[in-house]
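What you are looking at is a predicted structure, and each value in this text was computed from that prediction instead of being measured.
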Amino acid sequence: MLKRWAVRPFPSLLARLPSQCAVCRAWPSEPVCDACVARFAPPVPRCTTCALPLAPGSTQCGDCLRNPPPLDACLAACAYVWPWPQCIAEFKFRGDPGRAAPLATLLRSAPWVEPALEAADFVLPMPLAPARLRERGFNQAHELARRLDPARCDPGLLLRSRETAPQSGLDRGERLRGLRGAFALDPLRAEQLRGRRLVLVDDVMTTGASLHAAGQVLRAGGAAHITAIVLARTDRPG
């Protein structure tokens with residue numbers, strides 16, 4: 001009988017194999033082909049701290065100027081419009097963590113994401129509540145984060161401390177109230193964040209309430225700089 005390792009392709013060989021575009025299904029292709037990135041995820045001016053689209057020449061939206069968020073920067077790879085909702089739904093809800101690789105490639109290609117990752121001390125995925133994790137079998141943010149930077153990805157520093165009610169259908173204020181106390185730092189490692197630069201990773205940003213609640217905990221823990229990077233951003237704050 002062949003040993004298990006003997007029938008597996010070597011990683012270096014897998015890296016050279018052609019792949020299919022996750023969007024247009026072109027073959028052979030990059031995981032997300034350049035044509036689909038150019039067509040469906042073009043760079044657009046966005047608020048530097050909440051990633052909402054802005055008029056050219058602007059850097060921050062009025063709401064962030066009036067109420068500075070706990071994030072120093074927020075970057076989004078694309079708008080949450082077709083074809084990305086379908087791709088993300090297949091990734092999150094249909095048990096297909098293999099889609100994390102092409103989606104992470106898309107995220108890494110967004111402007112300023114690469115420099116943010118290079119400057120980070122820790123790359124932290126947004127944690128899932130235990131019940132949601134059992135339901136899905138994996139944390140989509142962790143799958144993205146570990147493909148973006150496996151060496152600095154650390155899923156154990158930021159924790160989900162309690163369950164929360166479903167967020168869909170709630171406005172931003174209701175979401176923020178429901179998320180109070182929902183995140184915490186590992187008490188045995190919290191000191192490691194003091195003075196550090198962090199990248200916080202999530203898949204979809206709607207109102208920003210979850211990212212802001214997590215950012216407040218990280219800021220209270222002494223983080224020096226927090227950049228949130230998300231795969232897709234709704235074009236309205238909700």
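- Separation of atoms CD (Gln60) and CZ (Arg66) is listed at 11.5 Å; rounding is to 0.5 Å.
- In terms of modelled atom types and a separation under 3.5 Å, the side chain of Asp121 and the main chain of Arg197 share a donor-acceptor contact.
- In the hydrophobic clustering of this structure, Val23 groups with Trp82; members are Ile, Leu, Val, Met, Phe, Trp, Tyr whose side-chain heavy atoms approach within less than 4.5 Å, directly or through other members.
- Between Ala110 and Ala77, the shortest heavy-atom distance links the atoms CB-CA, 3.7 Å.
- The line from CZ of Arg39 to CG of Asp34 is 15.0 Å long, rounded to the nearest 0.5 Å.
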> How far apart are the C-alpha atoms of Trp84 and Gln86, what are their side-chain angles, what is the distance that settles it, and do they pass the side chain to side chain contact (heavy atoms under 4.5 Å, CB included) test?
Replying inline: CA-CA 5 Å; Trp84 308 119; Gln86 178 179 345; over 6 Å; no
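- Between Cys153 and His142, the shortest heavy-atom distance links the atoms SG-CD2, 3.6 Å.
- You'll find the side chain of Cys78 stays beyond 4.5 Å of the side chain of Phe40, heavy atoms only.
- A distance of 5.0 Å separates CG of Leu218 from CD1 of Ile226, quoted to the nearest 0.5 Å.
- Leu117 is listed as a side-chain neighbour of Val113, based on a closest heavy-atom distance under 4.5 Å.
- You'll find the side chain of Leu231 stays beyond 4.5 Å of the side chain of Val204, heavy atoms only.
- Leu200 and Leu159 are assigned to two separate hydrophobic clusters, defined by single-linkage of ILVMFWY side chains at heavy-atom distances under 4.5 Å.
- By the salt bridge (charged side-chain N to carboxylate O under 4.0 Å, His left out) test, Arg152 pairs with Asp149, sequence neighbours left out.
- The CD1 atom of Ile229 sits 4.5 Å away from the CG atom of Leu107 when rounded to the nearest 0.5 Å.
- Listed here is the closest heavy atom pair of Pro68 and Leu65: CD-O, 4.1 Å.
- When all heavy atoms are compared, the tightest approach of Cys24 to Cys33 is SG-SG, 3.7 Å.
- In this structure, the side chains of Thr206 and Tyr80 stay at 4.5 Å or more apart for every pair of heavy atoms.
- Between Ala100 and Glu143, the shortest heavy-atom contact is CB-CB, 3.7 Å.
- In terms of heavy atoms, Phe183 sits closest to Ser161 at N-OG, 3.5 Å.
- Atom-to-atom distance recorded for Met205:CE and Leu211:CG is 5.5 Å, nearest 0.5 angstrom.
- Of the charged side-chain nitrogens involved, at least one lies within less than 4.0 Å of a carboxylate oxygen, so that Asp72 and Arg219 count as a salt-bridged pair.
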>> For a side chain to side chain contact (heavy atoms under 4.5 Å, CB included) check, start with the C-alpha distance between Arg46 and Asp235, then their side-chain angles and the critical distance, and finish with the verdict.
In response: CA-CA 10 Å; Arg46 293 184 177 274; Asp235 282 351; 4.0 Å; yes
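- In this structure, Arg233 CZ and Leu52 CG are separated by 4.0 Å, a value rounded to the nearest 0.5 Å.
- Side-chain contact check for Leu158 versus Pro127: some heavy-atom pair is nearer than 4.5 Å.
- Both Trp112 and Val199 are part of a single hydrophobic cluster, where members link through side-chain heavy atoms under 4.5 Å apart.
- Within the 3.5 Å criterion, the main-chain N or O of Ala73 finds no donor-acceptor partner in the side chain of Thr227.
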>> Using side chain to side chain contact (heavy atoms under 4.5 Å, CB included), reason through Gln140 and Leu103 one step at a time and then give a plain yes or no.
In response: CA-CA 11 Å; Gln140 72 278 358; Leu103 294 176; over 6 Å; no
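- Counting heavy atoms from C-beta outward, Leu54 and Cys61 have side chains that approach closer than 4.5 Å.
- Judged by distance alone, with hydrogens and angles left aside, the side-chain atoms of Asn139 form no donor-acceptor pair with the main-chain N or O of Leu133 at under 3.5 Å.
- Hydrophobic clustering (side-chain heavy atoms under 4.5 Å, transitive across Ile, Leu, Val, Met, Phe, Trp, Tyr) keeps Leu128 apart from Phe91.
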